[in-house]
Trainee: 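Let me begin by handing over the structure; questions about it come next.
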Amino acid sequence: MHGEYKVPGGKLVVVDVDVEDGVLRHVRVAGDFFLEPDEALEAVNGALEGAPADTGTAGLAARIDAALPAGTVLYGLTSEGVGVAVRRALAHATDWTDYDWQLIHEPAQPPALHMALDEVLTAEVAAGRRPPTLRVWEWAAPAVIIGSFQSLRNEVDPEGAARHRIEVVRRISGGGAMFVEPGNTITYSLSVPESLVHGLSFQDSYAYLDDWVLGALGDMGIRAWYQPLNDIATDQGKIAGAAQKRVVGPGGGPGAVLHHVTMSYDIDADKMVEVLRIGREKLSGKGTASAKKRVDPLRRQTGLAREAVIDRMIESFRARYGLAPGKVTDGELARARELARTKFTSPEWTARVP
């Protein structure tokens with residue numbers, strides 16, 4: 001069995017392993033990491049040899065830590081990362097490069113339709129009718145997108161939303177509220193087979209699915225990192241937030257994961273705090289200057305036009321994993337439009353947590 005895992009902010013760890021009589025055998029760890037002294041690698045292999053095959057990531061990491069020679073230095077590598085690679089090998093996890101990725105980047109669409117497209121496309125991936133997909137959104141109208149479990153009245157000021165003509169919709173994933181305006185926001189979705197994140201904890205899957213965009217930002221001169229549980233940050237402040245939803249496959253079989261990210265290219269902080277109640281509470285009365293500090297826009301950090309940032313992100317993904325142009329099919333669009341009408345614009349769904 002073969003497993004791979006790129007340590008967030010670090011290097012690739014590769015594990016080849018067999019299971020015999022319920023324990024790990026013939027363990028071989030490799031990768032582009034740095035490790036001193038040389039004998040530490042054999043210590044890692046030896047620590048994993050004979051471990052029960054059902055040992056979790058934390059247990060595998062503890063075995064490695066106990067076996068490392070005194071003074072061992074790991075760079076780009078962690079004992080937990082090795083444990084994750086082992087678990088991914090045992091789960092027969094797939095890798096990004098195992099798939100033919102499809103890009104969807106279509107003209108601007110209403111907020112409720114975006115919510116519906118996420119649900120429909122991810123269900124199609126779960127059913128095996130669609131390849132793993134990167135979808136870049138274009139917004140037809142400003143909106144507040146609240147998380148699946150958030151209280152509508154706690155998050156949104158209805159008078160502020162009405163005054164600024166901000167549509168309020170609820171998405172299927174958890175997490176916090178997003179304030180978006182056309183031209184000021186970069187949003188994308190990944191709809192991926194569940195096997196891509198096999199062996200990863202919920203938290204690890206966020207870091208794993210965010211890794212490519214950290215590389216894309218790095219290519220634009222921005223040193224960014226994953227900040228648990230679901231943020232992307234720089235030393236200037238938060239620039240993005242992610243959310244996920246797991247979708248069960250047909251008949252309860254292997255499904256798919258929706259991972260979507262909203263990035264602040266620019267932001268009208270005055271308007272945001274008039275529309276979002278929670279924004280005022282988080283800022284603790286510190287005012288608009290603090291709002292701008294909390295969320296630091298990509299426009300200032302890159303000096304690039306929004307379209308250029310998106311193009312560079314797409315090209316970075318394509319260079320890493322391949323990416324063919326695609327589109328929403330007529331059938332998918334019809335189902336999404338119906339779902340937007342019956343669910344995502346309905347008061348019952350939007351206020352399901354009043």
Side-chain angles (χ1 to χ4, degrees), residues 1-100 126 128 132 192-212 226 228 244 246 248-249 251-257 259 320-321:
M1 287 168 279
H2 179 87
E4 298 185 2
Y5 178 61
K6 184 179 181 300
V7 175
K11 298 293 185 176
L12 182 69
V13 181
V14 180
V15 172
D16 291 285
V17 61
D18 296 324
V19 174
E20 298 176 0
D21 299 322
V23 299
L24 306 185
R25 295 296 183 197
H26 316 299
V27 182
R28 289 294 176 266
V29 176
D32 60 354
F33 50 79
F34 300 91
L35 181 63
E36 294 289 347
D38 282 353
E39 53 266 29
L41 183 59
E42 284 307 310
V44 171
N45 292 332
L48 297 172
E49 191 74 21
D54 60 357
T55 305
T57 298
L60 296 171
R63 291 176 69 106
I64 293 169
D65 290 338
L68 290 174
T72 295
V73 176
L74 300 89
Y75 185 74
L77 172 70
T78 64
S79 55
E80 291 80 6
V82 177
V84 169
V86 172
R87 297 309 314 168
R88 284 177 59 74
L90 298 177
H92 301 284
T94 54
D95 186 67
W96 296 82
T97 55
D98 292 333
Y99 299 105
D100 294 324
V192 305
E194 189 179 29
S195 58
L196 185 63
V197 296
H198 274 175
L200 300 179
S201 68
F202 191 73
Q203 177 172 319
D204 286 340
S205 71
Y206 272 85
Y208 186 69
L209 295 175
D210 280 339
D211 186 70
W212 75 273
Y226 162 72
Q244 285 188 7
R246 308 296 170 105
V248 178
V257 177
H259 179 92
R320 283 176 170 231
Y321 309 125

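If you're wondering where the values come from, they're calculated on a predicted model, not measured in any experiment.
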Trainee: Do the non-hydrogen side-chain atoms of W212 and K6 ever get within less than 4.5 Å of each other?
Mentor: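 Of all side-chain heavy-atom pairs linking K6 with W212, none is under 4.5 Å.
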Trainee: State, to 0.1 Å, how close F202 and S205 come at their nearest heavy-atom pair, and which atoms those are.
Mentor: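 Heavy-atom minimum between the residues: O-OG, 2.6 Å.
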Trainee: Please test K11 against L77 for side-chain contact (heavy atoms from CB on, under 4.5 Å), starting from the C-alpha separation and ending with a verdict.
Mentor: CA-CA 6 Å; K11 298 293 185 176; L77 172 70; over 6 Å; no
Trainee: Decide yes or no for V13 and V84: does some side-chain heavy atom of the first lie under 4.5 Å from some side-chain heavy atom of the second?
Mentor: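 Answer no - side chains too far apart.
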Trainee: With a cut-off of 6.0 Å (strictly less than), are more than 12 heavy atoms of other residues, nucleotides or ligands near CG of D100?
Mentor: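 No - once you tally the heavy atoms of other residues, nucleotides and ligands closer than 6.0 Å, there are 12 at most.
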Trainee: Show the atom names and distances, to 0.1 Å, of all donor-acceptor pairs under 3.5 Å that link a side chain in residues 39-61 to residues at least two apart or in another chain.
Mentor:
unit_1 : atom_1 : unit_2 : atom_2 : d
N45    : OD1    : V29    : N      : 3.0
E49    : OE1    : H26    : N      : 3.1
E49    : OE1    : V27    : N      : 3.2
E49    : OE2    : H26    : N      : 3.0
T55    : OG1    : P52    : O      : 2.7

Trainee: Can you name the closest pair of heavy atoms from D65 and S79 and give their distance?
Mentor: OD1-OG, 3.0 Å
Trainee: Give, for atom NE2 of H2 and atom CG of L90, the distance between the pair rounded to the nearest 0.5 Å.
Mentor: 13.0 Å
Trainee: Do E80 and V7 have side-chain heavy atoms sitting under 4.5 Å apart?
Mentor: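 Result no, sub-4.5 Å side-chain heavy-atom pair not found.
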Trainee: Rounded to the nearest 0.5 Å, how far apart are CE of M1 and CG of D18?
Mentor: 6.0 Å
Trainee: Measuring only between side-chain heavy atoms, which start at C-beta, is Y5 closer than 4.5 Å to L200?
Mentor: yes
Trainee: A side-chain contact here means heavy atoms from C-beta on lying under 4.5 Å apart; do V19 and L24 qualify?
Mentor: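 Result yes, sub-4.5 Å side-chain heavy-atom pair found.
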Trainee: Please output the side-chain donor-acceptor pairs of residues 92-99 that fall under 3.5 Å, not counting sequence neighbours, one pair per line with the distance.
Mentor:
unit_1 : atom_1 : unit_2 : atom_2 : d
T94    : OG1    : Y99    : OH     : 2.5
T94    : OG1    : S195   : O      : 3.4
T94    : OG1    : S195   : OG     : 3.1
T94    : OG1    : L196   : N      : 3.3
D95    : OD2    : T97    : N      : 3.3
D95    : OD2    : T97    : OG1    : 2.8
W96    : NE1    : Y208   : OH     : 3.3
D98    : OD2    : D95    : N      : 2.7
Y99    : OH     : S195   : OG     : 2.8

Trainee: Report the residues that fulfil side-chain contact (heavy atoms from CB on, under 4.5 Å) with Y75, sequence neighbours left out, ordered by chain and then residue number.
Mentor: F34
Trainee: Are D211 and R320 side-chain neighbours, meaning at least one heavy-atom pair lies under 4.5 Å?
Mentor: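 Sidechains of R320 and D211: in contact.
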Trainee: Using the side-chain contact (heavy atoms from CB on, under 4.5 Å) rule, take V197 and R246 through it: C-alpha gap first, then chi angles, then the decisive distance, then the call.
Mentor: CA-CA 11 Å; V197 296; R246 308 296 170 105; 4.1 Å; yes
Trainee: Looking at NE2 of H259 and CD of Q244, how far apart are the two atoms once the value is rounded to the nearest 0.5 Å?
Mentor: 5.5 Å
